[in-house]
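Following: one structure in structure tokens, then a few remarks.
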2 protein chains.
Amino acid sequence: MNAPVSTPTSAPALTKNQSLVFDVLDRADAPMSAYTILDRLRDHGFRAPLQVYRALDKLLEFGMVHRLESLNAFVACAHPESECCGKGHGHGHGTVAFAICESCGHVSEFHDHEVDHRLGDWAKAKNFKPAKTTIEIRGLCGACAA
Amino acid sequence: MNAPVSTPTSAPALTKNQSLVFDVLDRADAPMSAYTILDRLRDHGFRAPLQVYRALDKLLEFGMVHRLESLNAFVACAHPESECCGKGHGHGHGTVAFAICESCGHVSEFHDHEVDHRLGDWAKAKNFKPAKTTIEIRGLCGACAA
DNA sequence: TCAATTGCGTTATGCTATAACGTGTGTCAT
DNA sequence: ATGACACACGTTATAGCATAACGCAATTGA
Ligand SMILES: [Zn+2]
Ligand SMILES: [Zn+2]
Ligand SMILES: [Zn+2]
Ligand SMILES: [Zn+2]
């Protein structure tokens, strides 16, 4: 009864907890910490941080959620469809960058091919094998800077 | 008696605590968490995390130390001398990137002009005002990948 | 001399993340 | 069927990272 429930879509089947966590993130208009997510889901039976962290781990693995390292918080993936650099695994995308407004909390997710390649070239030159790359720009969005 | 002690160098004068924290980081061959630094300095009278965090805040402000967001840890600045993009404030440097080996902990700090400008261009196009940019590549260094 | 500023030390607290245990439920080869 | 396995789940406890709030001491510069 705890197995993932398949859906008519092509996305990975999510369990109940995973769906609940994803829905909260997807509806949010700013990054959320695991504990904030937990509080939002108390009415749905969530009682402990691990319930959130376990769901987040899977959602991260599926590429449906991103972790913002500079905030210790999470956002639903919002990268544009039909991205370049698809790595074959369906929804997959290459390295992505985030612009985070420190005033309103809005996050813009984007991909820059050139940046990606520059960093890849550096790694190749140094014989470094990248596993995961984090790019986060903190600042003020257009609306808040005006 | 707690005022900064001036030195013969051009660097900002550091207080005793700031010097102790910086020395620990400068001698380390891997990033250190604030609590690890604290433990290293118990013999020098450090008793509480705030003593470390306050010193780190200043060292970050001086640009002598960097925070690795994906590790919640700190490293002494090791960017090459005579960098481009100097912003006028002496030691100052533009956005810097880190390659972090997940096996041996070694960190390489580098600056890539092209990446910097690409991200700057994106920001300009989106009317986003960057305050601080984080670039961290986690992976395996040449020695560990071999 | 009197504020304002800065650094310091201490205690307490809050936020973020994982360890370790056991349960239930599907899957699949035997 | 039945056992082994993988996986999701729930719970309690603990570990790791960071700051709030208080007061004191020294420096600086009106
Ligand atoms: Zn994405
Ligand atoms: Zn904003
Ligand atoms: Zn540096
Ligand atoms: Zn290494």
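Naming convention: chains lettered A, B, ... in sequence-line order (proteins, then strands); numbering from 1 in each chain.
Rounded to whole Å, the distance from NZ on B:Lys16 to C1' on C:dT6 is 18 Å. Between the CG atom of B:Leu68 and the P atom of D:dA18 there is a distance of 11 Å, given to the nearest Å. The interatomic distance linking B:His44 (NE2) with C:dG9 (C1') rounds to 18 Å, in whole Å. Between A:Phe46 atom CZ and D:dA8 atom P the separation is 14 Å, expressed in whole Å. Between B:Leu38 atom CG and D:dT19 atom C1' the separation is 15 Å, expressed in whole Å. The nearest whole Å value for the distance from the CG atom in B:Leu41 to the P atom in C:dC8 is 12 Å. Spacing between atom CG of B:Leu56 and atom P of C:dG7 amounts to 14 Å, rounded to whole angstrom units.
OP1 or OP2 of D:dC7 has not a single side-chain nitrogen or oxygen of A:Thr15 nearer than 4.0 Å. Side-chain nitrogen and oxygen atoms of A:Gln51 include at least one within less than 4.0 Å of the OP1 or OP2 phosphate oxygen of D:dG10.
When the side-chain hydrogen bond (donor to acceptor under 3.5 Å, both in side chains) test is applied to B:Asn17, no partner is found at least two apart in sequence or on another chain. For A:Asp26, there are no salt bridge (charged side-chain N to carboxylate O under 4.0 Å, His left out) partners at least two apart in sequence or on another chain. For the side-chain hydrogen bond (donor to acceptor under 3.5 Å, both in side chains) test, residues two or more places apart in sequence or in another chain that qualify with A:Thr36 are A:Ser33. Partners of B:Phe22 by ring pair (Phe, Tyr, Trp, His ring centres under 6.0 Å), not counting sequence neighbours: none found.
Comparing C:dT11, C:dG9, D:dT12 by their closest approach to the side chain of B:Asn17 singles out C:dG9. Ranking D:dA8, C:dT10, D:dT11 by closeness to the B:Arg47 side chain, first place goes to C:dT10. Side chain of A:Ala48, nearest nucleotide from D:dT11, C:dT11, D:dA8: D:dT11.
Among residue pairs with one or both ends in residues 31-42 of chain B, those qualifying as salt bridge (charged side-chain N to carboxylate O under 4.0 Å, His left out) are B:Asp39-B:Arg42; sequence neighbours excluded. A salt bridge (charged side-chain N to carboxylate O under 4.0 Å, His left out) check over residues 96-105 of chain B, counting only residues at least two apart or in different chains, returns the pairs B:Glu102-B:Arg138. Here salt bridge (charged side-chain N to carboxylate O under 4.0 Å, His left out) pairs that include residues 50-79 of chain A, with residues two or more places apart or in two chains, are A:Lys58-A:Glu61, A:Arg67-A:Glu69.
With hydrogens and angles ignored, the 3.5 Å screen pairs no side-chain donor or acceptor of A:His106 with any backbone N or O of A:Asp29.
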| Sugar-phosphate or base contact per nucleotide [nucleotides 12-23 of chain C; S, B, -; heavy atom under 4.0 Å] | ----BBBBB---
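Summary for the helix from C:dT1-D:dA30 to C:dT30-D:dA1: the axes at its two ends, each from 5 pairs, differ by 30° when rounded to the nearest 10 degrees.
Between the side chains of A:Ser70 and A:Glu136, a donor-acceptor pair is found at a separation under 3.5 Å.
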